[in-house]
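Encoded as C-alpha cells, the structure appears first; notes follow it.
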Amino acid sequence: MASTYQGRRSGGSRRSSGGKGGRGKGGRGARTVAVRRTAPLVREPVTLPSVLTLGELAEKLETTGVEVIKELMKLGMMATINQQIDYATAARVAQALGWETNEEESALAGEGDNFETRRIEAEADPEAKARPPVVTIMGHVDHGKTKLLDSIRSANVAEGEAGGITQHIGAYQVDTQGRKITFLDTPGHEAFTAMRARGAQATDVAVLVVAADDGVMPTTREAVAHIKSAQVPMVVAINKIDLPTANPDRIKQQLSEIEVMPEEWGGDVPFVEVSAREKLGLDDLLEVITLVADVNELKANPHKPASGVVVEAKVDRTRGPVATLLVQSGTLNPRDAVVAGATWGRVKAMFDDRGRKIRRAEPSTPVEILGLLEAPQAGDTFTVFEDEKMAREVAERRAAQRRAESLTADRSFKLTDLSHEVSEGGIAELRVIIKADVSGSLGAIQSSLLKLNEEVPEGVQLSITYAGTGAIGESDVSLAVATRSIIIGFNVRPDVAAKRAADATGVDIRFYNIIYHLLDEVKAAMTGLLAPVYHDQTDGYAEVRETFRLPGGDVAAGLYVLDGKINRNSRVRVLRSGTVMHEGTVKSLKRFKDDVREVAAGYECGIGLDGYNDLQTGDQLEFFHREEVARA
C-alpha cells in the first residue's frame with residue numbers, strides 16, 4: 001500500500017507539472033521534455049571503450065554529434081566531432097543524456113588482447129585496409145636469431161642505405177616483392193611475454209628459429225609455450241642448413257613431439273629451411289610470412305588518430321626521452337599529442353628505422369619519436385588525442401593510478417583469485433608451469449596432474465601451460481605473469497633473477513621433493529577452489545497469528561514460536577500452504593517493546609521482514625542458517 005501510494009503521489013506530481021506547462025507558453029515542448037527524461041529508464045547500459053571520438057560516442061548514444069558537443073561544452077570543454085575523449089568524460093556526457101554506461105574491458109587486461117581479437121576488430125571497421133604483418137623472431141640463444149635478422153635486413157636494404165643498418169630502434173621494416181614486413185627486434189621470448197603481460201600484443205606472426213645441427217633445446221620449448229599462450233600464428237625457420245651436420249627431419253620430429261606439427265606432416269605450421277650465414281632460403285621465409293599474413297587478412301584503419309604500442313624507450317643525453325612506437329591503427333604525424341602509458345607530449349620529430357626523418361607513420365610502421373615528457377615503459381600502449389589539455393589530463397590520471405597500484409597491486413595469479421572466479425559462477429582453470437630436475441620425473445608429474453581432472457568434481461580443471469627440466473628461470477616467471485599460472489618446482493629452485501622477478505610480481509612458486517605430496521596438495525587446492533557446498537540447518541518454526549500495518553507502511557506480524565528457536569540473524573522462509581512465498585532476512589525481532597536476539601518455542605513475539613510486506617495470518621515461518629559442508 002505504501003509503495004502504491006507513493007507511486008500515485010509522484011504520478012500526480014508529474015501530471016500537475018505537465019498540466020501547468022501545457023497551460024503556459026510552450027506547454028507542448030515541456031511535455032516533450034518530460035517524455036525524453038523518462039525514456040532512458042528502459043535503456044540497456046551502453047558499453048564504451050577507454051578512448052573514443054565524439055562521433056563514435058554520439059552513435060553509441062543514438063543521438064547527434066551536436067547534442068554530444070553541447071553536453072561537453074556544459075562540462076567546460078570545447079571539442080570537435082573527431083576529437084577523442086576518455087571513458088570518464090564520455091560517461092559524464094552519457095549520464096547527462098540519460099544513459100548508464102559500462103567500461104569496455106581494456107586491452108591492458110592481458111589475455112583478452114590476442115591476435116584473433118585484433119583481427120576480428122579490424123574486420124568490423126569498414127575503413128580498414130590491408131597492412132604489413134608484424135613479426136617477432138624467437139628461439140634458442142645460439143641458434144642464429146640475430147644473424148637471421150641481420151641477413152634479412154641487409155638483403156632487403158637498397159644500395160646506399162647500408163649505413164642505416166646500424167641504426168637500432170628495436171623494430172624495422174623490409175621490402176620484399178613490393179610488400180613490407182615489420183620485424184620486432186626483441187631480446188627473446190622473455191621480452192615478448194613481458195610485453196604481453198603489460199597488455200601489449202604487437203605480434204602477428206612468430207618465427208621460431210631452430211638450428212638444424214643442434215635440435216630443440218629447453219629454450220626452444222619455452223619459446224613454443226610463449227607463442228602458443230599468445231595465440232599467434234607460428235612459422236618455423238630451420239637455420240644453419242648449410243652445415244654438414246644439419247638434420248632438418250630430426251628437428252621436425254622433435255618439434256612434432258611438442259605439438260608443433262609441420263604442414264607436410266598434416267599439421268598447420270609452415271617449416272622453412274634457411275641459412276642466415278649463406279643467405280639461403282630468406283626469400284622463401286619472407287614469402288611464407290606474407291602468405292600467413294594474407295590468410296589472416298591483417299587490416300587496420302589508417303584514417304583514425306594513431307594508436308599502438310611502445311616497443312622500447314630511453315632517455316638520451318642530448319635528445320631527451322626517446323620512444324620507439326609501433327603504430328597499430330591510424331596514422332601518426334608530427335605535432336600530434338600522444339599519451340604513452342602514464343606520460344604524454346607532442347611529437348617534435350619522427351625517424352624511421354634507418355634514422356631518416358619522416359612525416360607520417362601508417363599502421364604496422366615502427367617509428368622513433370621525440371617530444372614525450374618522460375620515457376614510457378616498453379609494452380605501454382599509446383594513443384593520439386586532438387586536444388592537448390585532454391592528453392595531459394589522461395596522462396596525469398594514469399600516473400596517479402599507477403602510483404596507487406604500485407602500493408597495493410599484485411599482478412600475479414593467486415589461488416584466491418581463482419576462488420573468486422568460481423564464486424562468480426564460472427568454471428575455474430588452474431594453470432601450472434612445471435619445472436623438474438629430470439625428464440623422467442617431469443613426465444610422471446605431467447600425466448599424474450592431468451589425471452586429477454578426472455578425480456575432482458566438476459567446476460575446476462587443471463591445464464599445463466609449460467613443462468620443462470632445469471632451474472626455474474626468469475622466463476618462467478614472466479610466462480606465469482602473462483598466463484596467470486602458478487609454478488611448481490620438483491627438486492629444483494629458482495635462480496637469482498627468477499627469485500627477484502617472482503618477489504616483484506608475487507608469482508606463486510611451490511616446491512616439492514616427493515611427488516605424492518605434490519599431487520595431494522594440488523588436488524586439495526583444486527577441490528578447495530570449488531564453490532563451497534552449503535546445507536540449510538533449520539533453527540525453528542513460527543506461525544503468524546496477527547498482522548499490523550506500521551505508520552511507515554511496513555507490515556509487522558505477531559508470531560507464536562512452534563518449535564526450536566528463532567534468531568535475529570537467521571534467514572527466514574515464508575510458507576503459505578507449503579509453498580515458499582519469500583526468502584530473506586529478519587529486519588526486527590521484538591518481545592513486547594524490547595528488541596531481542598532470540599525467542600524460544602512456546603513464546604510469542606513480533607517480527608518484521610526485510611523487503612516483504614505481504615505476511616498473512618496463518619503463514620508459517622521457517623528460520624534457518626546455512627552451514628558449509630566439506631566436499632567428499
Side-chain angles (χ1 to χ4, degrees), residues 110-111 193 197 218 221-222 224-226 228-229 258-259 410-495 498-499 501-503 505-534 628-632:
E111 289 189 278
T193 302
R221 296 174 181 269
E222 291 177 6
V224 169
H226 287 245
K228 286 186 175 182
S229 68
I258 56 174
E259 299 180 358
D410 183 3
R411 300 191 304 275
S412 66
F413 168 77
K414 297 293 184 185
L415 293 183
T416 52
D417 298 332
L418 201 55
S419 299
H420 176 70
E421 291 178 11
V422 176
S423 67
E424 293 295 322
I427 296 179
E429 182 180 15
L430 175 59
R431 300 171 183 168
V432 297
I433 294 172
I434 309 169
K435 296 301 289 286
D437 53 346
V438 294
S439 58
S441 299
L442 183 67
I445 293 170
Q446 282 182 270
S447 59
S448 299
L449 283 176
L450 291 175
K451 286 181 181 178
L452 292 181
N453 287 328
E454 304 171 3
E455 299 176 14
V456 299
E458 292 184 3
V460 63
Q461 59 186 14
L462 180 144
S463 64
I464 298 174
T465 305
Y466 170 68
T469 57
I472 298 169
E474 189 174 6
S475 66
D476 299 315
V477 176
S478 65
L479 182 59
V481 173
T483 59
R484 300 178 73 244
S485 303
I486 66 169
I487 298 176
I488 292 177
F490 187 79
N491 285 334
V492 294
R493 304 290 297 185
D495 56 30
K499 181 66 168 64
D503 291 342
T505 58
V507 166
D508 192 357
I509 305 180
R510 302 187 174 203
F511 304 101
Y512 304 92
N513 53 16
I514 299 176
I515 190 169
Y516 302 108
H517 291 171
L518 184 159
L519 296 175
D520 288 345
E521 186 168 327
V522 173
K523 183 177 180 179
M526 292 174 70
T527 304
L529 288 170
L530 293 169
V533 175
Y534 292 99
E628 185 176 338
V629 180
R631 287 181 178 269

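Predicted, not measured: the structure shown is a model, and the values here were computed from it.
- Put simply, CD1 on Ile434 and CD1 on Ile487 are 11.5 Å apart, with the number rounded to the nearest 0.5 Å.
- Every residue two or more places apart in sequence or in another chain that forms a side-chain contact (heavy atoms from CB on, under 4.5 Å) with Thr465 is listed here: Arg431, Ile433, Leu479, Thr483, Ser485.
- A donor-acceptor pair under 3.5 Å links the side-chain atoms of Asn453 to the main chain of Leu462, judged by distance alone.
- Across all their heavy atoms, Leu442 and Ala467 have their closest contact at CD1-CB, 3.8 Å.
- Taking CG from Asn513 and CG from Leu518, the interatomic distance works out to 10.0 Å, rounded to the nearest 0.5 Å.
- One finds the CG atom of Asp520 at 10.5 Å from the CD1 atom of Ile515 (value rounded to the nearest 0.5 Å).
- A cation-pi arrangement is present between Arg493 and Phe511 under the rule of less than 6.0 angstrom and at most 45 degrees off the ring axis.
- Annotation for Ala480 and Val507: closest pair CB-CG1, 3.9 Å, computed over non-hydrogen atoms.
- With rounding to the nearest 0.5 angstrom, the CG atom of Leu452 is 6.0 Å from the CG atom of Leu519.
- With a 6.0 Å radius and a threshold of 12 heavy atoms from other residues, nucleotides or ligands, Lys499 has its NZ atom at or below the threshold.
- At a threshold of 4.5 Å between non-hydrogen side-chain atoms, the residues Val432 and Val522 do not count as touching.
- At least one donor-acceptor pair under 3.5 Å links the side chain of Asp476 to the backbone N or O of Gly473.
- Between atom CD1 of residue Ile464 and atom CG of residue Leu449 there is a gap of 5.5 Å, rounded to the nearest 0.5 Å.
- Without hydrogens or angle criteria, Lys435 side chain to Gly489 main chain gives no donor-acceptor distance under 3.5 Å.
- In terms of heavy-atom proximity, Ala498 sits nearest to Pro494 at CB-CB, 3.9 Å.
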